[in-house]
Every structure is written in C-alpha cells, then in structure tokens.
Amino acid sequence: MENPSEPKDSAESLQDWIERAKRAHQLVDAVDLSKIAAHDKTEREKLDTISHALEHLDAGKPVQHVEGVDDVVPQIDATRARKTELLNVLANAGWGENIGRVLHIEEAGQCLQPLELIPHNEGLPDYDICIAPQTAAGAGNFGIFVSPSGVFAASINDPASKHHWRIARSRPYDNKDELQQCVAQFRETGFE
C-alpha cells in the first residue's frame, strides 16, 4: 500500500514538494467560497479547472498556467485608489510634509506630530487623510481631515486620552480644485 506522506518519486526533493504546495495554496486561494456557496456559475467553472490542476500537482506534474485563474487581473481596492489620488492631489499642492500629521501646540511652542500619537479617533467622522494646519489658536492638537466628499477641521485638547475630537468647521467639495481651495483655506484659518 502506498503511503501518502512519502513522495511518489524518490528523486523529488523537498524543494519540489514545497514549490508544489505553494502552487496548490495559490490555486486554492483563487477560489471565492462565498460565490461557490451562492452557486455562481463562473466561480464553479473556475473550481473545476482548479481541481484538475490540483490533480496534476498531486501526480507530480508542473502546473504553470491555469486558464481563468492566472490571467485574472487583481481588482484595485477603491478605497486605496481614492486615498492615493487624494494624497497625490495634496502632495502636488505642496502639502506633502504635513500629510499624516497634526499641529501640536503647548506653552513651550508648536510642532508637527504624527497623527498616530493621538490615542483615538473618538469624535471624528470617517476620513481618508489628515493634514496639519499652519496655525491654530490655543493649546492642543489640530488637524484638517479630508473625506471622500468634504474637508473638516478638528482639534483635541491635551491629554488626548481624556478628551474627544471636536469639529471646528467643515465644508463639502465636488472636485480636485475645490478640495485644494478648502484645504488651503482651512490650513490658514481653520481654527480661528
């Protein structure tokens, strides 16, 4: 009786087995099980094709290209694409060094700090990008936040762990030009 844990061909190396296992894993990952459960015809056909490819791998045959699986172009995440576009617009406007930062003001002076130093987002609506303003009145942390449809200026007092973000003002935008105008205005006068 054949032992399934032993290679079918004793000449096969451990590296061959690892490569076959990686390829099998890659093929199995290409199946959307929720679509299979919903009886999606295209996904079921893909599953049949993958099953045949896995049988070839099991027999020790190489599987280089699987029709309908390896030629599928990955979908670009819409959220990531939107954030990338916003980052490009804002960086091209000259605000690159302020992206992802807040303006921190205390008695000793002011500085830009990474937004990640604020321990929470309580009080903030959903946003894609934060930009530090040039000026603000008072002490605390100040940021301009860009969402898919609007810009808002918000602040949080120190210590941030004991306070929530407060929205000072907001404004919608419809296109890149309006976005740049909103951010420029808020960077100069957003908290006054």
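Quick note: residue numbers are just sequence positions, from 1.
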Undergrad: Go through the structure and list residues passing side-chain hydrogen bond (donor to acceptor under 3.5 Å, both in side chains) with Glu43, not counting sequence neighbours.
TA: Lys46
Undergrad: For Glu19, what residues pass the side-chain hydrogen bond (donor to acceptor under 3.5 Å, both in side chains) criterion, not counting sequence neighbours?
TA: Gln15
Undergrad: Output all residues satisfying side-chain hydrogen bond (donor to acceptor under 3.5 Å, both in side chains) with Asp158, sequence neighbours left out; order by chain, then residue number.
TA: Asn141
Undergrad: Sequence neighbours left out, what passes side chain to side chain contact (heavy atoms under 4.5 Å, CB included) with Lys61? Give chain and number order.
TA: His56, Ala59
Undergrad: List for me each residue that meets side chain to side chain contact (heavy atoms under 4.5 Å, CB included) alongside Thr42, sequence neighbours excluded, and say none if there are none.
TA: Asp40
Undergrad: Just list the side-chain donor-acceptor pairs under 3.5 Å for residues 23-32, sequence neighbours left out, or say none.
TA:
| from | atom 1 | to | atom 2 | distance (Å) |
| --- | --- | --- | --- | --- |
| Arg23 | NE | Val63 | O | 2.9 |
| Arg23 | NH1 | Gln26 | OE1 | 2.5 |
| Arg23 | NH1 | Asp70 | OD1 | 3.3 |
| Arg23 | NH2 | Gln64 | O | 3.2 |
| Arg23 | NH2 | Asp70 | OD1 | 3.4 |
| Arg23 | NH2 | Asp70 | OD2 | 2.5 |
| His25 | NE2 | Asp29 | OD2 | 3.3 |
| Asp32 | OD1 | Ser34 | N | 3.1 |
| Asp32 | OD1 | Ser34 | OG | 2.5 |
| Asp32 | OD1 | Lys35 | N | 3.4 |

Undergrad: Only counting residues at least two apart or in another chain, list the ones meeting ring-ring contact (aromatic ring centres under 6.0 Å, His included) with Phe152.
TA: Phe145
Undergrad: Please, which pairs that meet salt bridge (charged side-chain N to carboxylate O under 4.0 Å, His left out) have at least one residue in residues 86-109, sequence neighbours excluded?
TA: none
Undergrad: What donor-acceptor contacts under 3.5 angstrom involve side-chain atoms of residues 86-95, with partners at least two apart or in another chain?
TA:
| from | atom 1 | to | atom 2 | distance (Å) |
| --- | --- | --- | --- | --- |
| Asn88 | ND2 | Thr84 | O | 3.3 |
| Asn92 | ND2 | Asn88 | O | 3.1 |

Undergrad: Name all residues meeting the side-chain hydrogen bond (donor to acceptor under 3.5 Å, both in side chains) criterion together with Gln181; count only those two or more places apart in sequence or in a different chain, and write none if there are none.
TA: none
Undergrad: Return each pair, listed once, that meets salt bridge (charged side-chain N to carboxylate O under 4.0 Å, His left out) where at least one residue sits in residues 124-153; pairs must be two or more places apart or across chains.
TA: Arg82-Asp128
Undergrad: Using the test side chain to side chain contact (heavy atoms under 4.5 Å, CB included), find all partners of Pro114 that sit at least two apart in sequence or belong to another chain.
TA: Glu116, Leu117
